[in-house]
Amino acid sequence: MAIFSTSKLVTIERHFAEEEDLHPEATGEFSRLLRDLTLAIRMIARDVRRAGLNDVLGLTDMHNVHGEQVKKLDDYANDIIFRAMDHGGHLCVMASEESQGLIPIPDHYHKGKYVLVFDPLDGSSNIDVNVTIGTIFSIYRRLEPNATTDGTLDDVLQPGYKQVAAGYASYGSSTNLVYTSGHGVDVFTFDQTIGEFLLTNEKVRIPNKGTYYSINEGNYHKWDKNLQQYVDYLKNDYPDKPAYSLRYIGTAVADVHRTLYYGGIFMYPADRAYPNGKLRLMYELNPLSMLIEQAGGRSTNGSDRILDLTPTSIHERAPVFLGSPDDVLEAEMFLQGKHPTQL
Ligand code: AHG
Ligand code: MN
Ligand code: MN
């Protein structure tokens with residue numbers, strides 16, 4: 001599949017406007033939210049591009065709620081998203097991987113009907129070495145649509161299937177914005193010369209089966225036996241299955257982006273060090289799972305659909321197996337000890 005697969009010239013704002021036209025009841029609030037979010041992403045992209053030139057590499061002296069040392073760019077991206085989103089009147093509350101509690105909308109601004117949840121900078125360990133990093137976001141409707149008060153914890157702790165929209169920006173060889181509002185997955189590419197995201201792939205579909213697997217295999221000895229058997233199986237040749245190739249970038253956005261186009265499976269399982277896996281349900285797994293499902297893929301924690309999990313705290317983690325439906329189903333068989341090669 002050619003990566004540039006659409007002939008229409010459409011900017012992301014035009015695309016958002018066209019989607020809004022499908023909803024005669026729309027007030028324009030959602031489009032304005034997306035416009036502000038796109039501005040934040042463009043600003044983060046600009047600073048990622050200048051990371052070696054500006055003073056934005058390296059660590060701050062802070063630790064985030066997960067005990068990880070905060071990189072300057074994490075902190076910067078968190079701040080940019082807040083400053084772009086706090087005053088638009090469309091949000092009632094936000095939550096970020098880099099902020100301990102809920103992020104309220106300041107008192108003097110109008111409280112709107114949406115909730116924004118985000119991972120401002122995904123792939124922190126790759127920032128300083130010029131490897132692809134990203135930004136991930138989820139949008140929910142508040143539970144009481146007509147309320148004008150601050151959003152609450154319950155407004156944030158909604159299961160992923162309630163997402164109104166989700167997406168990520170991938171700051172790689174170009175900047176992509178991958179987006180869904182539940183009508184398939186569209187990919188936009190940033191044209192720096194005109195300052196616009198242009199639609200480059202419409203309604204992307206993930207292959208039913210791939211030939212890549214993606215997992216931090218350095219943790220092999222911390223996995224349970226069924227998972228070890230699955231990965232051993234992937235690496236071996238069988239009459240009807242060639243050995244899979246390993247691809248692992250260590251930025252979930254980048255590993256999922258490749259999986260979206262080429263198929264295969266991306267995993268961050270539970271292991272002895274991380275009994276619930278490492279990735280965060282709200283900031284990473286829900287938005288990435290919505291995108292993968294919208295492209296025809298599958299995303300589970302090994303048995304249950306990620307989007308059906310009800311979060312009980314904003315920073316909770318979950319194991320994940322996502323990608324081509326046939327590959328994820330096969331992984332689930334192994335995890336349950338039911339694959340023919342295990343019997
Ligand atoms: P973040 O930079 O937002 O903390 O996320 C890092 C995550 C994710 O992007 C990636 O898939 C994973 O950490 C890599 O973890 P390992 O280094 O344990 O493989
Ligand atoms: Mn992340
Ligand atoms: Mn992050």
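Ligands are counted one by one from 1 in listed order, and the atoms in each one are counted from 1 as well. One is the number of the first residue; the rest follow in order along the sequence.
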For the 3.5 Å polar cut-off, considering only N or O atoms, please tell me whether N219 and ligand 1 meet it. no
With backbone taken as N, CA, C and O and side chain as the heavy atoms from C-beta onward, which portion of E217 lies under 4.0 Å from ligand 1: side chain, backbone, both, or neither? neither
For the pair K8 and E202, find out whether any cationic side-chain nitrogen is under 4.0 Å from an anionic carboxylate oxygen. yes
Can you list, by chain and residue number, the protein N, O or S atoms under 2.8 Å from the Mn ion (ligand 3)? E97 OE2, D119 OD1, L121 O
Is any N or O atom of V253, backbone or side chain, closer than 3.5 Å to an N or O atom of ligand 1? no
Taking heavy atoms and a distance under 4.0 Å, where does D122 meet ligand 1: side chain, backbone, both or neither? both
Winner among K278, E284, H66 once heavy atoms are compared against atom 17 (O) of ligand 1: K278
Excluding V129, membership of its hydrophobic cluster (Ile, Leu, Val, Met, Phe, Trp, Tyr; side-chain heavy atoms within less than 4.5 Å) reads V131, I249
Does ligand 1 have any atom sitting under 4.0 Å from a heavy atom of G250? yes
Looking at F190 versus F197, is the centre-to-centre ring distance below 6.0 Å? yes
Does L279 have a heavy atom less than 4.0 Å from any atom of ligand 1? yes
Protein contact to atom 19 (O) of ligand 1 [nearest heavy atom, distance to 0.1 Å]: Y248 OH, 2.5 Å
When you compare ligand 1 with A252, is there at least one nitrogen or oxygen pair between them that comes in under 3.5 angstrom? yes
Side-chain donor-acceptor pair under 3.5 Å between E332 and S303, yes or no? no
Close approach, D255 and ligand 1, non-hydrogen under 4.0 angstrom: no
Please check if atom CD in Q342 has more than 12 non-hydrogen atoms from other residues, nucleotides or ligands closer than 6.0 Å. yes
Checking heavy atoms under 4.0 Å, the part of Y268 that sits near ligand 1 is side chain
Side chain or backbone, does F266 bring an N or O within less than 3.5 Å of an N or O on ligand 1? no
Any donor-acceptor pair under 3.5 Å linking the side-chain atoms of Y220 with those of D232? yes
